[in-house]
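Convention: sequence-line order gives letters A, B, ...; per-chain numbering from 1.
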Amino acid sequence: MRKVLILDPRDNIAVCLVDLNEGDLVEQDDFSITVLSRIPRGHKIASSDIAKNDGIIKYGERMGHAVAPIARGEHVHTHNILGDRLSSEQV
Amino acid sequence: MSDQLFAYKRENGRWGLRNHVLILPLHSALASSARSIADASDGAVAISHDWSGEVDNDLARILFTLTGYASNPNNFAVVFLTIGGKEEVSIIEGAKALGLTRSTTLSLPELGSLEKMQSEGLSVANAFVKEAKAQERVPAPWSAIVLGLECGGSDALSGITANPALGVASDRLVELGATSVLGETTEILGAEHLLAARAIDPEVGKRIVAIVARYEASINYEGIDIRGAQPSRGNIEGGLSTLEEKSLGAAKKAGNAPLTGVLEFGEKPVMPGLYFMDTPGHDIEQLAGFGAGHINVVVFTSGRGTPTGSAIMPTIKVSTNTPMYTSIPDLIDLDAGTIADGVETLAQVGDRIFNEIIEVANGRLTKAELGGHHEFALSRMYNTVIK
Amino acid sequence: MSQTIKGFAHGNRGAGIRNHQLILPSVVCSTHVARRIATEVKGVTFAHQHGCGIIGDDVAGIDNFFIQLADHPNVNSVLVIALGCETIQGQELAAKLLKSNESTQYRIIQESGGVEGTVAAGVKAAQELNNSFKPASVEIASLRIGIDVGRTSSLVDELQKVLTNAGHTVLISQSEDSSAVSFSHLAQEKAQLIISLPSENQPTSGFPLIPVINVASSGALHQAIRADFDIDESTLLGGILGLVQSVASGAQTVSERNNSGEIRAPRVVRSV
């Protein structure tokens, strides 16, 4: 069974189908990634390095932007990304 | 098994997939009486709401909702509970104009007390229930189905398993000549351009973009952060990080069919096809809009699990993941989590959902119906300013 | 005052004239489960449509509203029923309630095995609360009485005087269309009993936690449904103290007999 799901070749994130622990090495198809932090099932892992303000791409579409630089293998979620609309930086 | 649809033929050319006797209080003070009547009856259903006849900026929306809900083709008959106000009359007359043929109006001042309303209401309800049970379903065309697409308690798998599988079933129904309606404007914000690109003509495409813009403007004030509400706490725990992400997943429920039209809250689609209706993401307010829009069956995908249903529309629950299905099975009719596990393909689950829709349309009761879930909520703007 | 009233000591909530167990759904999606539990244990619950999809001032507004209901003097214990994914989280609400009232528990549908599991667990929790918290009797010398003014009446000032002269504290709330909104304000101000003068175009209303004495006007609607009222304007000033005494001592009002109360929560912004 796959551990992560890449929904579209244009995506810079993948969806974790199982809980992943820091240090895990995920190898499937022709894709290999080292997990840099604990990521719960259903959450996202960066499949490329993402610069601050870069778009987050899922399903081949932009779903928001990075508010901090994100390294390949890191957990991508509300702590380091924000939607483009109706969301503001937490003060 | 799923070769033929059988439904209740209504006089206005619409079809009912259920044959409900609805006890409808037109004033919040009559809600408990409606509930008592339904509970004591041989199978009538009731809803409750908190409108007490007040005239404010939500009045038109409220009247439109109750009129549409009363005339939904799944209703065999309606027992209106009233206090004799003139707005109430407009709801009753409006419902008749939209095709409601059997109804009785019980007026509190004419009966003299809530107690009398309850006893009279019970005998009227039971007489209607007896008649309703005697009516038979007849062979119906696929166009009899008006499907509502809903998601609630979504998680990251919603856009990967249940929603695209529902999209497969929705596409198949639309191809057969049925109608399918996507709602929840909050949850296409970020994906509306994809729906606009499939519009049958540019006007429809412009309308869907305009509706999302209108929604966004209505709540966009300085410092707004609607996270916690959208995405909800449960969505966020389940892996959804932004509203756009949720919307991209939510829009998958509508499959790939061309977009035939855009409806206002509670507006009824006049010809078959795929539509978008402007409703809030709030699950129950959205279902009220669907009911008012004469939708007669709903598929409701969920990642976290929710028991809610509708008094008049059978609501099929589809889980996005197998662990939730296993832990809270009495909420869910069908599991799409098998897609994530690689046990079934999207096409296979889409097929299962399609078959489930037909079986439920033909009379099989959903978990929400068996559990007696008749939640209802009037959708209000309150003091929100629509620019 | 002529007689004191035997009430229920409800700890930090104060002294109550009813001994209600509140089954509090923190979100619309748990209202039906809450009702099933309440029916079985003879607790009090209410239908609402809030707790999810709310933003801005409504988040604190609804949260505070639920807290104030749970803190009402007529309440003996509270069981919060949550779904699990909503904006107003049931366990957080329960934690806040527990700070001032020990007689609080919560159950979560998504974590209790679904509907049947939660109904069973909820009934058990409600029964445990009832067994653990049996309120002592307490003498109440002075009641907090809310007056819901839905129509202009010269009687309101007189009524206020009669009640205050008898030693009661009077809270006034104006309502035009909906007594329900008024009742919620009075509940938040901890009125133990409510006297309602609904608009001539409005029927009687009740409130699940607070006995409501409905006063009939001479208008056509009210006279047509006189049986749903407790007292007429013509006998109000002379009869109110006796009626207050008997209702506070346990006699049910018509709306309590009809079980016809609804609770209307305050909202300012649309749902999302």
Side-chain angles (χ1 to χ4, degrees), chain B residues 27-33 36 48 50 52-55 83-85 108-110 112-115 153 186 218-219 221 224 226 228-230 232-235 237-238 280-285 304-308 327-331 371-384, chain C residues 28-33 36 47-50 52-56 58-59 83-87 89 109-117 176-181 201-206 220-221 223-228 254-255 257-265 267-272:
Chain B
H27 189 292
S28 59
L30 305 177
S32 62
S33 298
S36 303
S48 65
D50 56 5
S52 38
E54 59 269 35
V55 174
I83 63 161
L108 183 65
E110 279 174 37
S113 69
L114 287 175
E115 209 182 314
T186 321
S218 76
I219 55 169
Y221 53 87
I224 177 82
I226 68 171
Q230 287 289 5
S232 72
R233 308 275 293 267
N235 296 154
E237 272 162 35
H282 184 295
D283 295 345
I284 315 305
E285 288 184 29
R304 314 295 285 177
T306 162
T308 57
S327 71
I328 39 181
D330 63 0
L331 271 47
H373 284 273
H374 301 156
E375 291 84 1
F376 183 82
L378 288 171
S379 173
R380 287 189 172 83
M381 293 295 116
Y382 300 103
N383 299 335
T384 309
Chain C
V28 54
C29 310
S30 59
T31 52
H32 183 61
V33 169
R36 284 186 56 189
H48 70 80
Q49 57 186 79
H50 313 290
C52 194
I54 53 179
I55 57 169
D58 280 339
V59 180
L83 177 59
C85 51
E86 63 270 33
T87 314
Q89 292 270 291
I109 295 174
Q110 285 169 352
E111 294 173 23
S112 302
V115 168
E116 297 310 318
E176 296 144 10
D177 293 317
S178 173
S179 292
V181 172
N201 304 322
Q202 291 286 340
T204 60
S205 299
L221 173 63
Q223 289 307 311
I225 58 172
R226 179 59 185 80
D228 282 347
V254 178
S255 56
R257 278 204 303 280
N258 279 328
N259 199 22
S260 66
E262 301 293 314
I263 299 187
R264 178 108 173 236
R267 285 284 300 273
V268 286
V269 181
R270 62 169 299 168
S271 305
V272 294

With only heavy atoms counted, which part of B/Leu108 is less than 4.5 Å from chain C, the side chain, the backbone, both or neither?
both

Toward chain C, the part of B/Ile284 with a non-hydrogen atom under 4.5 Å:
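Just its side chain gets close to chain C.
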
Identify the heavy atoms of [X] and [Y] that sit nearest to each other, and give their distance.
X: B/Ile219; Y: C/Ile55; value: CG2-CD1, 3.8 Å
X: B/Ala29; Y: C/Pro203; value: CB-CG, 3.8 Å
X: C/Arg270; Y: B/Ser218; value: NH1-OG, 3.4 Å
X: C/Gly114; Y: B/Ile328; value: N-CG2, 2.8 Å
X: C/Glu262; Y: B/Ser28; value: CG-O, 3.6 Å

Side-chain donor or acceptor of [X] paired with backbone N/O of [Y] under 3.5 Å:
X: B/Ser113; Y: C/Ala227; result: no
X: C/Asp228; Y: B/Leu114; result: yes
X: B/Glu115; Y: C/Asn258; result: no
X: C/His32; Y: B/Gly372; result: yes
X: B/Asp330; Y: C/Glu116; result: yes

[X], part contacting chain B, at a heavy-atom distance under 4.5 Å:
X: C/Arg264; result: side chain
X: C/Asp58; result: neither
X: C/Glu111; result: neither

Residue list, side chain to side chain contact (heavy atoms under 4.5 Å, CB included) with C/Cys29, at least two apart or on another chain:
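Side chain to side chain contact (heavy atoms under 4.5 Å, CB included) check on C/Cys29 returns B/Thr306, B/Thr308, C/Val27, C/Leu83.
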
Listed partners of B/His27 passing side chain to side chain donor-acceptor pair (under 3.5 Å), at least two apart
C/Gln202

Counting heavy-atom pairs closer than 4.5 Å to chain B, which one of C/Val115, C/Thr31, C/Ile109 comes out on top?
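Result: the option with the highest number of such pairs is C/Val115.
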
Determine the option with the most heavy-atom pairs under 4.5 angstrom with chain B, choosing from C/Gly53, C/Ser178, C/Gly113, C/Ala180.
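Ranked by contacts with chain B, first place is C/Gly113.
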
Quick check for you: to the nearest 0.5 Å, what is the distance between C/His50 atom NE2 and B/Asp50 atom CG?
6.0 Å

Rounded to the nearest 0.5 Å, what's the gap from CD on C/Gln49 to CZ on B/Arg380? Could you check?
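Rounded to the nearest 0.5 Å, the CD-CZ separation comes to 6.0 Å.
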
Against chain C, work out which of [options] has the most heavy-atom pairs shorter than 4.5 Å and name it.
options: B/Gly112, B/Pro329, B/Gly234, B/Ser33; answer: B/Gly112
options: B/Ala377, B/Ser232, B/Gly84, B/Gly153; answer: B/Ala377
options: B/Leu378, B/Leu30, B/Val55; answer: B/Leu378

So do B/Arg233 and C/Gln89 actually touch side chain to side chain, heavy atoms under 4.5 Å?
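Counting from C-beta outward, C/Gln89 and B/Arg233 do come under 4.5 Å.
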
Donor-acceptor side-chain pairing of C/Ser271 and B/Glu285 below 3.5 angstrom
yes

Taking atom CD of C/Gln223 as the centre, report whether more than 12 heavy atoms of other residues, nucleotides or ligands fall under 6.0 Å from it.
yes

Working for side-chain contact (heavy atoms from CB on, under 4.5 Å), residues C/Val181 and B/Glu54:
CA-CA 11 Å; C/Val181 172; B/Glu54 59 269 35; over 6 Å; no

